Amino acid sequence: MIQNPKRYTITAALPYTNGPIHIGHLAGVYVPADIYSRYLRLQGKDVAFICGSDEHGVAISMKAKKEGVTPQEVIDKYDGIIRKSFADFGISFDNYSRTSAKIHHDTAQEFFRKLYDNGDFIEEVTEQLYDAKANQFLADRFVVGTCPRCGNDGAYGDQCENCGSTLNATDLINPKSTITGETPILKATKHWFLPLDRYTDFLTEWILVGHKNDWKPNVYGQVKSWVDGGLEPRAVTRDLDWGIDVPVEGAEGKKLYVWFDAPIGYISSTKEWAAREGKDWEPYWKDEDTKLVHFIGKDNIVFHCIIFPAMLKAEGSYILPDNVPANEFLNLEGNKLSTSKNWAVWLHEYLEEFPEKQDVLRYALTSNAPETKDNDFTWKDFQARNNNELVAIFGNFINRVVVLTNKYYDGFIPTPNEFTEVDEAALAELKAYPAVISSSVERYRFREALGELMNVARLGNKYLADEEPWKVMKDNPERVKTQMYVALQIAAALSILAEPFLPFTAAKLSRILKNEGKLKWNDVAENSELIPEGHQIGEAELLFAKIEDEEIQKQIDKLEATKTANLAENKQAEPQKELIQYEDFAKMDLRVGTIIEAEKMPKANKLLVLKIDTGIDVRTIVSGIAESFSPEEIIGKRVTVLANLAPRALRGVESQGMILMTTNAEGKLVFVNPDTDAPNGETIN
């Protein structure tokens, strides 16, 4: 671990531009990275917070094929959505670039060429999966099959999303091409490989020995598993039509493997930022006094802790990450988040549907962050955290302080009198919080840090509740001056300590207190007076608004509609039954009829007793549709009746036939009825 670095390079995983940002991305990567970066800036540190759109690889090609557009159209569309979402949500990148930018293509090709010239690659002809019908080699994500480790039938050629195993496409059992559905064949092709096995000793010493005590157990454990299992050469090129050209002879039609080019995107984005700001980019990547931290999700651990460090080590001039604090996964209402299945809370939609509530989502995601295990986001929990914590604790304290200050002193900070032991204890406790929160942040325990921030608000609430200035005012107004002065110091501390976690709230609170830009992080611990006597604050404004049940139900209904749509899309028709002869069908007497009476069968939840005019008679039919229809709503309904079905007694009622039903795309029962005004009794042939 680097002590007292001169500067910080903080990277956040480059989001794929094959879809918008959702809450899983935010909880896993972008909110914790932003908290850390904002915190360091408040400490006066030199920070480069770097990110950008990952615009190459198979995911983009798959999206383009699905939407019937070009890859360029896909990346332009989603890059725009992602950039705006991040900006509106307050993620404070110093630079957000694109891997389609020329500076990135140049940087990635230069990096490859240096390793190539140094002899760091293995050039090898191997057999890869090839779709003969599509006439192309299949990149990893264009192959699905059965995972050899867990048996999941929907594993991709690079990873099984069920068990998390990293795979090669040729590992899959019964592989299929996602382009044509055909079984691919093996065909020879030439590629370049990074021999990871050469770096086993380096990775063992650097991570398994050097970072045994300061890296998160989930990260350390996954790296150890890979190293102990034996590292193998890994391809850095692919047979693709979308990506960065491999810059050597004999590599026509081949592109850099996306996991070779994507992490280099951090470097090219830093170059772009430095050029714009008039800085030298190299110290942020090549100076040993720089602390490099990668924020990623757990599915990217192997690439950031084994492959990219091996690339950097091979190149020779770059520093290695000081930490890679990867989070686990966030689930949604008990199910895995899925871009392809639309099972997600999309950031751009949230910002439209919950205007000016960026910090509510930041708070909910941080307080429930999947730091050590997978966690579950639910809309009810989101509502509870807003109403019971942000509104009732943080917002309540600030509102009382500002309202009372305006009521008693026209908004001017009163001059305190002698402090009691209670006052001094509250102020001493307040001074201790920056160090407590810092300790958690610097160990990447952001959920813990947020809890300590809320304890500052709880300190303020408890102080006011115990001191009750609104009661003391009647008999001892001089004492109230001291009470309000102390409460205002706590409020001022919150305006700075909250900034990394709740930046919009902190800015609003600073405007209310009229102390914008006047405080730094360490002032809370070092200064006895954060907001001076005689200073005038503004009028009260609510920091947080209660979220009503109706708003939450709307989101739950939206997810239920998605679940229904997914079921309908994935529903497969039942296999055809065995063949019959025409004479078998001709025996059935199908008639048009109308329901003229309907009532529930006594003591039977599923049965309705129907009277149906079949045109040849009025007969009783017992039907098991009571859980789907009420008697009232089906009277007058046109139906198709199997008239010559042998009668059958059901609970003492003779049923003389059957009505035809099926299920719709949502799985609900519907009538199979004539779509014309055919009279009752007409036969159906």
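Since we're looking at a predicted model, the values are computed, not measured.
Under the 3.5 Å distance criterion, with hydrogens and angles disregarded, no donor-acceptor pair is assigned to the side chains of Ser37 and Arg41. Residues Arg98 and Ser53 have side chains that never bring a donor and an acceptor to within less than 3.5 angstrom of each other. A donor-acceptor contact closer than 3.5 angstrom links the side chains of Asn455 and Arg458. Side-chain contact annotation: Ser438 with Tyr39, donor-acceptor N/O pair under 3.5 Å present. Under 3.5 Å, the side chains of Tyr444 and Glu371 contain no donor-acceptor pair of N or O atoms. Using modelled atom types and a 3.5 Å distance limit, the side chains of Asn218 and Glu328 yield a donor-acceptor pair.
For the atom pair CG of Leu172 and OG1 of Thr146, the computed distance is 8.0 Å after rounding to the nearest 0.5 Å. Atom OG1 in Thr290 sits 3.5 Å away from atom CZ in Arg7 (nearest 0.5 Å). We find the CZ-CZ distance between Phe93 and Phe86 to be 4.5 Å, quoted to the nearest 0.5 Å. From Leu427, atom CG reaches atom CD1 of Ile490 across 7.0 Å, with rounding to the nearest 0.5 Å.
Taking the six-membered ring for Trp and thresholds of 30 and 60 degrees, Tyr36 and Phe295 have ring planes inclined between 30 and 60 degrees apart. Between Phe377 and Trp379, the ring planes lie perpendicular to each other; the angle is over 60°, past the 30° to 60° tilted range. Classified by interplanar angle (parallel below 30°, tilted 30° to 60°, perpendicular above 60°), the ring pair His304/Tyr266 is tilted. Below 30°, between 30° and 60°, or above 60°: for Trp285 and His294 the angle between ring planes is between 30° and 60°, a tilted geometry.
Judged by distance alone, with hydrogens and angles left aside, the side-chain atoms of Asn152 form no donor-acceptor pair with the main-chain N or O of Cys147 at under 3.5 Å. Arg362 places no side-chain N or O within 3.5 Å of a backbone atom of Leu26 that could act as its donor or acceptor partner. Between the side chain of Trp226 and the main chain of Gly221, no donor-acceptor pair closer than 3.5 Å is present. Proximity of a side-chain donor or acceptor of Ser495 to a complementary backbone N or O of Ala492 within less than 3.5 Å is detected. With hydrogens and angles ignored, the 3.5 Å screen pairs no side-chain donor or acceptor of Glu452 with any backbone N or O of Ala449. Counting only distance, with no hydrogens or angles, the side chain of Ser439 and the backbone of Ala435 share no donor-acceptor pair below 3.5 Å. In this structure, Ser367 contributes its side chain and Ala364 its backbone to a donor-acceptor pair below 3.5 Å. Side chain of Asn461 to backbone of Ile393: a donor-acceptor contact under 3.5 angstrom is found. Of the possible donor and acceptor atoms, none in the side chain of Asp322 sits under 3.5 Å from a partner among the backbone N and O of Lys291. Under the 3.5 Å distance criterion, the side-chain polar atoms of Arg447 are matched with a main-chain donor or acceptor of Ala369.
The heavy-atom pair separating Ile2 from Pro5 by the smallest distance is CG2-CB, 3.9 Å. Heavy-atom minimum distance, Tyr284 versus Ala48: CD2-CB, 3.9 Å. Annotation for Trp206 and Pro321: closest pair CZ2-O, 3.4 Å, computed over non-hydrogen atoms. The heavy-atom pair separating Pro309 from Leu320 by the smallest distance is O-CD2, 3.9 Å. Of all non-hydrogen atoms in Asn327 and Ala27, the two that sit nearest each other are ND2-O, 3.1 Å. Of all heavy-atom pairs spanning Asn386 and Ala545, the tightest one is ND2-O, 3.0 Å.
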Q. Passes side chain to side chain contact (heavy atoms under 4.5 Å, CB included), Lys336 versus Trp343? Steps please.
A. CA-CA 8 Å; Lys336 286 186 177 181; Trp343 188 256; over 6 Å; no
Q: Please step through side chain to side chain contact (heavy atoms under 4.5 Å, CB included) for the pair Val524 and Leu519, ending with a clear verdict.
A: CA-CA 8 Å; Val524 178; Leu519 295 174; 5.8 Å; no
Q. When you look at Thr17 and Lys63, which way does the side chain to side chain contact (heavy atoms under 4.5 Å, CB included) test go after all the steps?
A. CA-CA 9 Å; Thr17 46; Lys63 190 75 172 182; over 6 Å; no
Q. Under the salt bridge (charged side-chain N to carboxylate O under 4.0 Å, His left out) criterion, do Arg511 and Glu541 qualify, and how do the steps go?
A. CA-CA 10 Å; Arg511 288 197 302 273; Glu541 298 177 48; 5.5 Å; no
Q: Give the intermediate values and the outcome of side chain to side chain contact (heavy atoms under 4.5 Å, CB included) for residues Val324 and Ile301.
A: CA-CA 8 Å; Val324 185; Ile301 289 173; 5.8 Å; no
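You'll find the ring centres of Phe354 and Phe382 inside the 6.0 Å limit. Here the two rings, on Phe303 and Phe308, have centers that are 6.0 Å apart or farther.
Enclosure of atom CD in Glu468 by more than 12 non-hydrogen atoms of other residues, nucleotides or ligands within 6.0 angstrom is indicated. Within 6.0 Å of CD in Glu539 there are 12 or fewer heavy atoms belonging to other residues, nucleotides or ligands. Taking a 6.0 Å sphere around NZ of Lys224, one finds it holds 12 or fewer heavy atoms contributed by other residues, nucleotides or ligands.
In this structure the side chain of Leu502 reaches within 4.5 angstrom of the side chain of Leu390, judged on heavy atoms. In this structure, Thr405 and Leu488 have side chains that are in contact, with non-hydrogen atoms separated by less than 4.5 Å. Using a 4.5 Å cut-off on side-chain heavy atoms (C-beta onward), Leu450 and Ile35 make no contact. Between Phe397 and Leu459 the shortest side-chain heavy-atom distance does not fall below 4.5 Å. Side-chain contact check for Asn399 versus Leu543: every heavy-atom pair is 4.5 Å or farther apart. Residues Ile437 and Leu497 are in side-chain contact: their nearest non-hydrogen atoms beyond the backbone lie under 4.5 Å apart. Residues Tyr78 and Pro15 have side chains not in contact (no heavy-atom distance under 4.5 Å, counting atoms from C-beta outward).
Taking the charged nitrogens against the carboxylate oxygens, Asp374 and Lys298 do have a contact shorter than 4.0 Å, which makes a salt bridge. Between Asp359 and Lys508 there is no salt bridge, since no side-chain N of the basic residue sits under 4.0 Å from a carboxylate O of the acidic one. In this structure, Glu353 pairs ionically with Lys558, as a charged nitrogen and a carboxylate oxygen lie closer than 4.0 Å.
Tyr220 does not carry Lys212 over the face of its six-membered ring by the limits of under 6.0 Å from the centre and within 45° of the normal.
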